[in-house]
Amino acid sequence: MHRNQAGRSWIGKAAVYTFASTAAGLVTGAALGIVGGLLPLNLRLAVGSILAVAAIAVGSLELFGRRVPPLQFDCETPQRWVNKGALRWATMNGLTLGFGATSRIGFWLWYVIPLGAFLLGDPVASALIYGTYGLVRALGAVVILLGMIRLDADISDRVIEEYGTARVLTAGQLVFLGVATAVVVGL
């Protein structure tokens, strides 16, 4: 198959995957916002304060070279899904990755998404936060795939090589968000 044809054949799958991932994030965020809204604000603020301190601690450890493995289901999406057809695979994979918690999570920063959506207690804001996560997670994979097609090379090894840099950057963001949360909730 010619390189341009291969690129075009992925556009529909990439669109379905991106839509499914974003939709999963939107629905998950809204659900977390609804459930969080059932808790009193003072309880959500107290939990947010505790989590802010934890974010600062974990992020600082990571920044200083101490690896703190995230709690996660350390797994890929099932390979058997590929045999269900391209669009069905794109949908199932997108839904799973947009939800996030049932697949590999590389960084503690990810926990800001569901916890933030829950602690906000606002279904609309929470849906927007988690939906943005689903969109960004999907687009990252799409950009890598399209880059591989365009360059006719496997760039995934290059992305994996930069994991250490990404870990430091996300740890710094985690510390920043922990400090910002502590300031907002008035620690």
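Residue numbers count from 1 along this sequence. All heavy atoms count here, side chains included; hydrogens, waters and symmetry mates do not.
- Hydrophobic side-chain contacts under 4.5 Å tie Val124 into a cluster, directly or through other members, with Leu128.
- The CD1 atom of Ile113 sits 11.0 Å away from the OG atom of Ser126 when rounded to the nearest 0.5 Å.
- Remark: Trp89 engages no residue in a side chain to side chain donor-acceptor pair (under 3.5 Å) (not counting sequence neighbours).
- Considering only heavy atoms from C-beta on, Arg88 stays 4.5 Å or farther from Trp81 through its side chain.
- Within the model, atoms CG of Leu95 and OG1 of Thr22 stand 10.5 Å from one another, a figure rounded to the nearest 0.5 Å.
- Under the rule for a side chain to side chain donor-acceptor pair (under 3.5 Å), the partners of Tyr133 that lie at least two apart in sequence or sit in another chain are Trp110, Arg137.
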query = Between Arg44 and Val47, does a side chain to side chain contact (heavy atoms under 4.5 Å, CB included) hold up when you go through it step by step?
reply = CA-CA 5 Å; Arg44 286 184 284 148; Val47 170; 5.8 Å; no
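- Smallest separation of non-hydrogen atoms from Ala125 and Leu120: CB-CD1, 4.1 Å.
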inquiry  = Between Leu51 and Thr181, does the side chain to side chain contact (heavy atoms under 4.5 Å, CB included) criterion hold? Intermediate values first, please.
reply    = CA-CA 9 Å; Leu51 292 173; Thr181 301; over 6 Å; no
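- Follow the hydrophobic side-chain contacts under 4.5 Å out from Leu38 and you never reach Leu32; the two are in separate clusters.
- Each of Thr170, Leu61, Leu174 was checked for a side-chain contact (heavy atoms from CB on, under 4.5 Å) with Trp108, and the lone residue meeting it is Leu174.
- Expressed to the nearest 0.5 Å, how far CG of Leu45 lies from CG of Leu41 amounts to 4.0 Å.
- Hydrophobic clustering (ILVMFWY, side-chain heavy atoms < 4.5 Å, transitive): Leu115 and Leu43 are in one cluster.
- Both Tyr130 and Leu39 sit in one connected hydrophobic cluster of ILVMFWY residues. Membership requires side-chain heavy atoms under 4.5 Å apart, directly or through other members.
- With values rounded to the nearest 0.5 angstrom, Leu135 atom CG is found 7.5 Å from Ser21 atom OG.
- Among residue pairs with one or both ends in residues 118-131, none qualify as salt bridge (Lys or Arg N to Asp or Glu O under 4.0 Å); sequence neighbours excluded.
- Annotation for Leu87: hydrophobic cluster partners, listed by chain and number, are Val16 (ILVMFWY side-chain heavy atoms under 4.5 Å, direct or chained).
- Here OG1 of Thr91 is found 11.5 Å from OH of Tyr17. Values are rounded to the nearest 0.5 Å.
- Leu109 is listed as a side-chain neighbour of Leu177, based on a closest heavy-atom distance under 4.5 Å.
- For Arg67, the side chain to side chain donor-acceptor pair (under 3.5 Å) partners two or more places apart in sequence, or in a different chain, are Glu62, Tyr163.
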